[in-house]
A.B. asks: 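Submitted below is the structure of interest, expressed as structure tokens.
Heavy-atom basis, side chains included; hydrogens, waters and symmetry copies ignored. Worth saying up front: this structure is predicted, and the values here are computed from it rather than measured. Per chain, numbering begins at 1; letters A, B, ... match sequence-line order.
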2 protein chains.
Amino acid sequence: MPEGIRVRAPRSDAAKNRAALLDAARAELNRDPDASLDVIAAAAGLTRRAVYGHFPSREALIAELAEVGAARVAAAVDAMHDPDPVLDLALVGRLVWDDVEHVRAMTRTVVRGPLRDQVLGGALGPLHARIVADVRLAAETGAGRTDLDPEVVARLVEGAAFSVLDESVRTPVGRAEGRRLVILAGLGALGLSWREANDVLGAHAARLTEEAEA
Amino acid sequence: MPEGIRVRAPRSDAAKNRAALLDAARAELNRDPDASLDVIAAAAGLTRRAVYGHFPSREALIAELAEVGAARVAAAVDAMHDPDPVLDLALVGRLVWDDVEHVRAMTRTVVRGPLRDQVLGGALGPLHARIVADVRLAAETGAGRTDLDPEVVARLVEGAAFSVLDESVRTPVGRAEGRRLVILAGLGALGLSWREANDVLGAHAARLTEEAEA
DNA sequence: CTGATCTTGCACAGGTGTGTGCAACCTAAG
DNA sequence: CTTAGGTTGCACACACCTGTGCAAGATCAG
């Protein structure tokens with residue numbers, strides 16, 4: 001929606017600075033969820049005042065940050081599927097973790113904060129739907145639990161992932177260990193025994209735990 | 001430690017107002033974790049200024065609130081034990097839930113906030129130790145998972161309980177349903193399959209899911 | 001009733017944060 | 001080079017919070 005009559009193209013450094021602001025915000029909010037615009041702008045090599053040339057408010061900045069991140073996750077997860085619901089769930093766990101692992105604290109604050117519904121209901125809506133579908137299919141197949149509503153189970157699965165996120169923020173957890181924990185915790189919430197969960201892990205090591213080829 | 005020479009007993013309404021402040025704080029912080037002293041004092045029928053007659057600072061108020069709550073939970077949990085680690089874990093889940101169910105949001109903010117370590121390492125330290133012991137014993141018995149460090153499993157079990165707490169804050173969950181969810185989620189994190197978890201629930205319904213006799 | 005205990009109401013100091021306005025100043029586009 | 005696009009640095013207004021001081025009033029103990 002081009003509203004004003006541009007007599008000249010926007011300067012190229014504008015977009016660059018905007019991106020720098022988003023990057024800086026991601027990094028700073030990853031360290032301190034309540035980082036002020038001042039420190040974010042400084043980290044981007046700009047002034048607080050300049051931020052308002054790119055974003056109407058602090059909230060708008062963070063919201064865009066969250067949406068970009070959510071879109072990234074959604075894209076990463078959409079790139080791989082499996083017909084087996086249990087394996088698919090494990091796969092989702094791995095993909096999400098890989099994409100989020102380096103911005104754990106930031107993810108945590110978004111997912112625990114007021115942006116939660118906006119993000120989970122927005123770009124990540126399809127992901128939730130996929131989890132619910134997997135849970136339901138697993139239940140019908142006999143692999144997953146049938147004692148709880150699939151919607152609730154999906155929430156517990158997601159909650160288990162968030163628990164791992166919490167744990168990984170408190171005590172350092174490596175990338176590989178994080179993957180394993182997310183998958184095991186998720187399958188546990190789905191109703192698998194720990195042996196079954198490990199069987200899944202072992203039977204599909206290539207897709208679940210091994211590093212992607214460079 | 002009686003520091004000043006009291007020529008007269010303290011007024012009886014002082015203690016009452018102090019308790020009212022704690023109650024109001026519990027209620028208000030249950031609605032808004034960042035409730036100001038102003039609204040808390042008002043809810044207690046007092047002025048913000050009067051608060052400082054009872055507590056040296058806002059932080060001290062909240063800290064005392066958290067410690068009182070933690071002590072309550074610790075006492076409730078200490079009143080009942082079982083030698084079977086799996087059943088004991090389920091029992092702990094039930095007892096904690098019953099004690100916390102009516103202050104879910106408040107509990108959530110304490111447990112997710114900076115007071116976490118102070119509380120979990122303080123009055124609730126023994127509870128964590130008990131969970132770790134149960135997890136370890138369950139692993140040795142063959143009932144619980146052995147693929148993860150007991151300390152990590154304990155964290156996952158606690159995390160599962162917190163997930164249920166989150167879920168119950170978002171969508172209303174009855175007292176009985178909460179109990180069931182906490183236990184099932186906890187045993188799932190321990191490594192039981194959903195059928196095994198339900199078997200435990202069924203075999204000990206009296207102690208796990210039924211209301212205590214009045 | 002008397003007086004210590006508590007509460008009130010107001011004021012103030014100090015802090016932190018967001019959002020705006022504006023003149024001066026760089027810097028890239030043409 | 002010219003000029004619009006972008007940034008700076010300063011100013012201010014505003015909101016909100018905590019913590020304190022102090023005089024005046026209310027309230028309970030003895």
A.B. asks: Between A:Thr47 and D:dT7, does any side-chain N or O lie under 4.0 Å from OP1 or OP2?
C.D. replies: no

A.B. asks: Does atom CZ of A:Arg112 have more than 12 heavy-atom neighbours from other groups under 6.0 Å away?
C.D. replies: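 Count over threshold, so yes.
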
A.B. asks: CG of B:Leu61 versus C1' of D:dC17: gap in Å, rounded?
C.D. replies: 15 Å

A.B. asks: Please report the distance, rounded to the nearest Å, between NE2 in B:His54 and P in C:dC6.
C.D. replies: 8 Å

A.B. asks: Should A:Arg155 and B:Asp166 count as an ion pair when the cut-off is N to O under 4.0 Å?
C.D. replies: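 No, this pair does not count.
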
A.B. asks: Looking at A:Asp98 and A:Arg94, is any side-chain nitrogen of the basic one under 4.0 Å from a carboxylate oxygen of the acidic one?
C.D. replies: yes

A.B. asks: Mind calculating the distance between CD (B:Glu28) and C1' (D:dC17) to the nearest angstrom?
C.D. replies: 17 Å

A.B. asks: What is the distance, rounded to the nearest whole Å, between atom CZ of A:Arg11 and atom P of D:dT3?
C.D. replies: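 Whole-Å distance recorded here is 16 Å.
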
A.B. asks: Would a distance-only check, ignoring hydrogens and angles, find a side-chain to backbone donor-acceptor pair under 3.5 Å from A:Asn30 to A:Arg26?
C.D. replies: no

A.B. asks: Rounded to whole Å, please give me the gap between NZ in A:Lys16 and P in C:dC26.
C.D. replies: 18 Å

A.B. asks: So A:Leu181 and B:Leu148, side chain to side chain contact (heavy atoms under 4.5 Å, CB included) or not? Walk me through it.
C.D. replies: CA-CA 9 Å; A:Leu181 280 178; B:Leu148 295 174; 3.9 Å; yes

A.B. asks: If the sugar-phosphate is the primed atoms plus P, OP1 and OP2 and the base is the rest, what is the B/S/- string for nucleotides 12-25 of chain C, using protein heavy atoms under 4.0 Å?
C.D. replies: -----SBBBBB---

A.B. asks: Between the side chains of B:Glu211 and B:Arg175, is the shortest nitrogen-to-carboxylate-oxygen separation below 4.0 Å, so that they form an ion pair?
C.D. replies: yes

A.B. asks: Using whole Å, report how far CG of A:Asn17 lies from P of D:dG6.
C.D. replies: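 Taking atom P of D:dG6 as the reference, CG of A:Asn17 is at 10 Å.
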
